[in-house]
There are 2 protein chains.
Amino acid sequence: MNEDTTKSEAKREEFAGRLSDFAYEALRDQLARGAFKPGTKLPIRTVAEVHSVGSTPAREAINRLVVEGALVMAGPKTVIVPFLTLEALYEITQMRLALEGLASARGCRTVTDVTISKLLFLQDKISLSLDEKRYADALYDNKEFHFTIYRLCAMPHLLAVIENLWLRVGSSFHDLYPEFAEQRYGVHNHMMAIEALVERDADSLRAAVENDIRDGFRRLKKAALLRYPGGAIPGS
Amino acid sequence: MNEDTTKSEAKREEFAGRLSDFAYEALRDQLARGAFKPGTKLPIRTVAEVHSVGSTPAREAINRLVVEGALVMAGPKTVIVPFLTLEALYEITQMRLALEGLASARGCRTVTDVTISKLLFLQDKISLSLDEKRYADALYDNKEFHFTIYRLCAMPHLLAVIENLWLRVGSSFHDLYPEFAEQRYGVHNHMMAIEALVERDADSLRAAVENDIRDGFRRLKKAALLRYPGGAIPGS
DNA sequence: CGTTGATATTTGTTACAACAAAAATCACAA
DNA sequence: TTGTGATTTTTGTTGTAACAAATATCAACG
């Protein structure tokens with residue numbers, strides 16, 4: 001655990017539902033935001049105390065994230081935030097290309113004007129966030145942009161798998177925002193995607209989405225190599 | 001639970017490792033084999049008793065399978081073996097086409113003669129099993145055939161996701177063996193795949209694998225519709 | 001200064017019990 | 001027979017404690 005994990009007893013008290021879900025969502029959001037440095041250990045009792053839940057819900061939340069691949073076991077009794085090797089990042093990127101390409105191509109024909117308006121609105125927000133160097137906001141709306149497209153295909157199981165892939169790479173963004181986002185990443189690809197949607201051109205849409213994913217991979221790779229000059233990011 | 005779940009205290013006693021893992025593997029193998037009828041309820045205490053473990057490991061095993069999508073929640077307190085709707089089956093098939101196509105195309109160039117021999121051997125076993133109507137054995141070796149190809153690409157994360165997709169459709173095979181396997185399903189596609197590997201032709205290999213997946217989907221659909229004439233298999 | 005080995009601490013695992021909520025049962029009425 | 005409502009049973013959730021195993025600590029030694 002690290003400095004970012006402040007006791008959130010207040011939030012927990014107003015949370016309706018299972019404590020396991022509360023702990024899971026709290027941890028997952030932190031991971032997606034890159035709040036943890038790769039390698040950070042997450043012991044049950046610490047997670048339990050930080051989020052003001054018993055050890056059973058804490059254990060359950062951690063286990064779930066391990067099953068989803070968002071956390072990994074570094075020993076028989078140690079769960080850590082994963083270091084993503086370049087190989088692993090590449091694999092996940094290949095899966096993203098295949099599945100997000102599929103989702104966007106499938107959804108293209110069902111697009112409506114309100115969706116296109118929403119995408120334009122989101123793209124404006126992203127640009128503004130980048131201008132003001134609010135990288136976390138930009139990343140959040142970037143995700144919303146993508147999933148607004150993917151939701152068009154109405155394939156919930158596919159969506160769930162894609163969401164899982166995003167979660168897995170999320171933890172790699174720790175402290176990489178500036179380098180990652182510096183060059184207005186994605187703006188051009190996003191506009192291409194919107195144009196493809198306007199024209200109901202599934203092939204163009206898929207191409208734009210794939211370009212965006214490849215672009216993101218290159219940028220993330222570059223930013224990571226800048227921080228871990230050894231070559232590959234160690235671990236897995 | 002049903003007739004197939006006999007107390008397996010003996011196996012549990014000789015099992016080294018966490019009881020959660022023991023319970024998980026036991027349940028998962030039953031699911032993959034289609035041992036449960038869709039809709040079967042799996043209460044914690046029952047699973048615990050059947051596999052001779054406490055309720056904590058049983059709960060953990062069930063939760064893990066729910067996260068993996070192999071079991072689903074039918075109510076706030078009820079976990080069941082999922083009914084697979086035609087829509088869900090179609091979605092998973094689309095993902096399989098994308099990911100297993102990716103894996104086979106990537107692995108094609110690294111194939112060796114020993115792998116090809118293994119595939120020929122497996123295909124012989126499959127044919128023999130079908131001759132003798134040992135459908136479960138045929139299905140087992142069919143899986144081994146596919147994953148022998150997929151392992152060639154050396155992408156463990158991709159493999160894990162594919163394995164998960166197989167697990168999710170596994171439970172739909174309950175009592176469908178005869179209809180599903182009757183027409184020597186897959187023989188031709190498998191031979192095409194082997195020939196493509198011999199020629200190191202990635203495109204042909206991908207095509208053969210995709211054909212096999214589509215064929216399986218059609219057969220499963222036909223067999224399921226035969227049993228649930230209403231149209232779609234209800235639930236999710 | 002680095003290694004090794006023993007000791008102390010931390011940590012995951014599991015069983016269990018109490019509680020609240022959901023699901024099943026059953027009787028009764030339409 | 002069917003729907004409905006109350007009652008009984010089942011079931012998931014959570015906290016806790018005991019245990020064993022792994023990890024961290026630290027001192028002695030090369």
Side-chain angles (χ1 to χ4, degrees), chain A residues 1-2 5 7-9 11-27 36 39-68 70-83 235, chain B residues 1-2 5 7-9 11-27 36 38-68 70-83 234-235:
Chain A
M1 311 288 289
N2 66 5
T5 63
K7 263 206 175 190
S8 58
E9 193 156 358
K11 286 181 187 172
R12 195 228 50 175
E13 276 169 12
E14 70 189 58
F15 184 87
R18 299 183 306 181
L19 296 183
S20 318
D21 291 341
F22 172 76
Y24 166 76
E25 285 170 26
L27 277 181
F36 295 117
T40 304
K41 284 191 297 192
L42 293 182
I44 293 177
R45 288 167 173 88
T46 308
V47 172
E49 196 192 359
V50 167
H51 293 100
S52 307
V53 298
S55 42
T56 309
R59 173 176 161 77
E60 198 166 305
I62 293 170
N63 277 337
R64 177 165 173 188
L65 288 163
V66 169
V67 171
E68 294 177 341
L71 296 175
V72 298
M73 317 230 21
K77 300 198 161 189
T78 18
V79 170
I80 65 168
V81 177
F83 295 87
Chain B
M1 310 287 291
N2 66 5
T5 62
K7 264 205 175 189
S8 58
E9 195 156 358
K11 284 181 186 171
R12 196 226 51 174
E13 276 168 12
E14 70 189 58
F15 184 86
R18 299 183 307 179
L19 296 183
S20 318
D21 291 342
F22 172 75
Y24 166 76
E25 285 170 26
L27 278 181
F36 295 118
T40 305
K41 284 191 300 193
L42 293 182
I44 293 177
R45 288 168 173 87
T46 309
V47 172
E49 197 192 357
V50 168
H51 293 99
S52 306
V53 299
S55 44
T56 308
R59 173 175 161 79
E60 199 166 304
I62 292 169
N63 278 336
R64 178 167 173 185
L65 288 163
V66 169
V67 171
E68 293 177 342
L71 296 175
V72 299
M73 318 229 20
K77 299 198 161 188
T78 18
V79 170
I80 64 168
V81 177
F83 296 88

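Throughout, a chain's letter reflects where its sequence line sits, starting with A, and its residues are numbered from 1.
- Straight-line distance from the CD atom of B:Glu49 to the P atom of D:dG12: 14 Å, rounded to whole Å.
- A:Phe22 CZ to A:His51 NE2: the interatomic distance, rounded to the nearest 0.5 Å, is 6.5 Å.
- Between the side chain of B:Ser55 and the base of C:dA15, no donor-acceptor pair under 3.5 Å is found.
- For B:Ala61 against B:Leu27, the heavy-atom pair with the smallest separation is CB-CD1, 4.4 Å.
- Atom CG of B:Asn63 and atom C1' of C:dT13 are 16 Å apart (whole Å).
- For C:dG12, the base has no donor-acceptor partner in the side chain of A:Arg59 [N/O atoms by modelled type, under 3.5 angstrom].
- Contact between the side-chain N/O atoms of A:Ser20 and the OP1/OP2 oxygens of D:dT14 is found at a separation under 4.0 Å.
- Atom NZ of A:Lys41 sits about 7.0 Å away from atom OG1 of A:Thr78, to the nearest 0.5 Å.
- Atom CG of B:Leu19 is separated from atom C1' of C:dC16 by 15 Å (rounded to the nearest Å).
- Between A:Lys41 and the phosphate of D:dA24, there is a side-chain N or O to OP1/OP2 separation shorter than 4.0 Å.
- Look at NZ on A:Lys77: it is 10 Å from P on C:dT11, rounded to the nearest Å.
- Residue A:Gly54 is the one, among A:Pro76 and A:Gly54, whose nearest nucleotide of DNA chain D lies closer to the 5' end (criterion: closest heavy atom).
- Between B:Arg18 and C:dT13 there is a side-chain N or O to OP1 or OP2 distance below 4.0 Å.
- Nearest approach of B:Ala48 to B:Gly54, heavy atoms of both residues: CB-O, 3.5 Å.
- Each of B:Met73 and A:Ala74 was assigned the nucleotide of DNA chain D with the nearest heavy atom; the assignment lying further toward the 5' end belongs to B:Met73.
- Taking atom CZ on B:Phe22 and atom P on C:dT13, their separation rounds to 17 Å, with Å as the unit.
- Salt bridge present: A:Glu68 and A:Arg64 bring a charged side-chain N and a carboxylate O closer than 4.0 Å.
- In this structure, CG of A:Leu71 is placed 12 Å from P of C:dG12, rounded to the nearest angstrom.
- Ranking C:dA23, C:dT13, D:dT23 by closeness to the A:Thr78 side chain, first place goes to D:dT23.
- Proximity note for B:Pro43 (side chain, C-beta onward) versus D:dT11, C:dT13, D:dG15: the nearest is D:dT11.
- One can place CG of A:Leu42 at 18 Å from P of C:dT10, the figure rounded to the nearest angstrom.
- Between the CZ atom of A:Arg45 and the P atom of C:dT14 there is a distance of 14 Å, rounded to whole Å.
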